[in-house]
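Take a look at the structure set out below.
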Amino acid sequence: MALFTLKNVTFKDILAYPNLEIQGGITTFITGESGTGKSTLLKLLNGVLTPTEGAVCYVDQKVLEIDSIELRRQVLLVSQAAVLFDEHAIGENFRMFFNYRDQPSPSDDEMVNFLKLCAIDMPLGKQVYELSGGEKQRVFVAIHLALGFDVLLMDEPTSALDEKNGQTMLAQIKSYCQEQGKSLIVVSHDKDIVQRFADDQIILGGVG
């Protein structure tokens, strides 16, 4: 059974998506030229955006019929922009995100493990304002991994990273999702990343 299905979906009369299925339990990459609606598709999948026409279904249920808060807990979107609290330390950022979600915060050891999963080895007391753009992006991803999910949506997760750190992080996240029985859906323009990590690929606009 497909994890997601799209049927006759359009968005604001600007974007039209083919009828497509995204399978669960694998790593799917969404590719295509600029303007083909890759990031918009991720937001349609977790209900941040609503299609103008057509239906987006998650496990055979229309996304619009699912409680939006519950859906976004299950289908977790990691945006391209790392939104962190610069005036606080890394560990405090973890706790603030969990408090916002009314979830108990992970232990310090768990936080460190999620940071290492994202190829970042720094003390939890390190201030966020001292981090580089790439380090902030990896901390942001680590916090989302810790929050828990059934499906992880990632929008250009390596955009601020060098090749080594980007590939290390994605390799470890893919392995983690496989071990946990989670589904991973990634938007990327990096053909090398796609070739290395994709189990399946959806090309929007008919181009790579």
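Because only heavy atoms are used, hydrogens play no part in the values below, and waters and symmetry mates are left out as well, while side chains stay in. The structure displayed is predicted, hence computed values, not measured ones.
Judged by distance alone, the side chain of K182 and the main-chain N or O of F149 form a donor-acceptor pair under 3.5 Å. Using modelled atom types, one side-chain atom of K174 and one backbone atom of F197 make a donor-acceptor pair closer than 3.5 Å. Formation of a donor-acceptor pair under 3.5 Å by the Q172 side chain with backbone atoms of K116 is found in this model. Side chain of S183 to main chain of G25: a donor-acceptor pair is present (N/O by atom type, distance under 3.5 Å, no hydrogens or angles). Under a 3.5 Å cut-off, the side chain of Q137 and the backbone N or O of A160 do form a donor-acceptor pair.
Between R73 and E70 there is no salt bridge, since no side-chain N of the basic residue sits under 4.0 Å from a carboxylate O of the acidic one. Of the charged side-chain nitrogens involved, none lies within less than 4.0 Å of a carboxylate oxygen, so that D67 and R72 do not count as a salt-bridged pair.
Checked against side-chain hydrogen bond (donor to acceptor under 3.5 Å, both in side chains), D155 has the following partners two or more places apart in sequence or in another chain: S39. Scanning for ring-ring contact (aromatic ring centres under 6.0 Å, His included) contacts around F29 gives an empty result, with sequence neighbours left out.
At a threshold of 4.5 Å between non-hydrogen side-chain atoms, the residues M154 and L184 count as touching. Put simply, the side chain of F94 reaches to within 4.5 Å of the side chain of L115, judged on heavy atoms.
Nearest heavy atom pair, residue L71 against residue L45, reads CD2-O, 4.4 Å. In this structure, V56 and P51 approach most closely via the heavy-atom pair CG2-CG, 4.3 Å.
Each of F97 and I69 belongs to its own hydrophobic cluster when Ile, Leu, Val, Met, Phe, Trp and Tyr are linked at side-chain heavy-atom distances under 4.5 angstrom.
Atom CD of E130 sits in a crowded spot, with more than 12 heavy atoms from other residues, nucleotides or ligands closer than 6.0 Å. Within a 6.0 Å sphere centred on CD of Q195, heavy atoms belonging to other residues, nucleotides or ligands number 12 at most. Residue H189 places its NE2 atom among 12 or fewer non-hydrogen atoms of other residues, nucleotides or ligands, all under 6.0 Å distant.
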